[in-house]
Amino acid sequence: MTAEHTRLIAALRELRTGAGLSLAALAERTAYSKSSWERYLNGKSLPPRQAVRELCRLANEPDGRLLALWEIAESHWSGRAAARPAAPDTDESSRPDPQEAPPPTRPWRRRLGGSRLLVVLASAYTVIVGGVAALLFLLLPDSKAQEDEPRPASVPFSLAPQCHGAACEGRDPMRLICGVDPDTLASYRTATGAHVELRHSKKCGASWARAWGTEIGDRLDVTAGGPAYGVRVRNKDDAATFAYTAMAEVRPGSTVRACFRPASADGERECFEARVGGAATTTRPPSPSVASGARE
């Protein structure tokens, strides 16, 4: 498996993990079987371009970066990258030695007289040629480096979180790689049957809420004592996968609160809380006699 293929597979695994999609769920929601997804995600075969797009769609992630990685991996997988014509060699050893270049011998320079003048002119010529050669060395791309680097249009790949603490406030947990192996602070089952979780990333120092089993029009909000961040289920594609909020900065001991409001006009808002560093909890909708508890 090439380095380019390895980068693509790592990015696909990260996306699937962040979205919480099992192989069975991928097979159910796409045109590719469970065994096919197993081969794609274990690097046994290169996934089709459409499979990459489908995974991005289910994870609610723009597909530009993953498709760029796929094109690079596919070019090496198919051998097209090796067939590319090599760029001009810019190695220092292939350039003429500036010291060997003959000094100018135009008649008007001879008339200016003396070996001293010739030495000065030869030195100036050497400096100019050497400067031009150095500039070309800096500006011309190296063909081997170009082949190894991702295309300029792609985003540099990294599994490391891209923010921490206040820098994560109000931002997308999946896009900033905070959704890889997060903790679940608490889970809640709403009266409509939707599942809601409070998620926390220690590496990012931030928390967010996510929900699935939702209906079009449902809304989810999260707050950690500061601004509230919400997301609305807009269409059937949103309802078919996870809906998740932006992140709120948290510290050990912070209290995080999630609220779910169903789309139905008679539905009541249901809220629950969890403490960062506390034990994970699972809560079900309260009975009508204790409706003042988690429901508002």
Test side-chain contact (heavy atoms from CB on, under 4.5 Å) applied to E14 and L66, I9, I177, the passing residue: I177
Interatomic distance, E28 atom CD to L58 atom CG [nearest 0.5 angstrom]: 10.5 Å
Derivation and outcome, side chain to side chain donor-acceptor pair (under 3.5 Å), residues Q50 and Y32: CA-CA 10 Å; Q50 185 59 32; Y32 306 94; 5.9 Å; no
Non-hydrogen side-chain atoms of Y188 and L198 separated by less than 4.5 Å: no
R29 CZ to L21 CG distance, which is reported to the nearest 0.5 Å: 6.0 Å
Side-chain donor or acceptor of T245 paired with backbone N/O of A209 under 3.5 Å: yes
Between R39 and S36: side-chain donor-acceptor atoms closer than 3.5 Å: yes
Minimum heavy-atom distance between V233 and A239, given as atom pair plus value: CG1-N, 3.7 Å
Pairing of E38 and K44 as salt bridge, 4.0 angstrom limit: yes
Atom pair CZ (R13) and CZ (R16), whose distance is rounded to the nearest 0.5 Å: 9.0 Å
Atom pair CD (E273) and SG (C259), whose distance is rounded to the nearest 0.5 Å: 8.5 Å
Spacing of OG1 belonging to T30 relative to CG belonging to L55, to within rounding of 0.5 Å: 9.0 Å
Residue pair R199 / T184, side-chain donor-acceptor N/O under 3.5 Å: yes
Straight-line distance of R171 CZ to L176 CG, nearest 0.5 Å: 4.5 Å
Heavy-atom pair of closest approach, residues A263 and D218: N-OD1, 2.8 Å
D221 to G230 - nearest heavy-atom pair and separation: OD1-CA, 3.3 Å
Whether D172 side chain and M174 backbone form a donor-acceptor pair below 3.5 Å: yes
E270 bridged to R261 by N-O distance under 4.0 Å: no
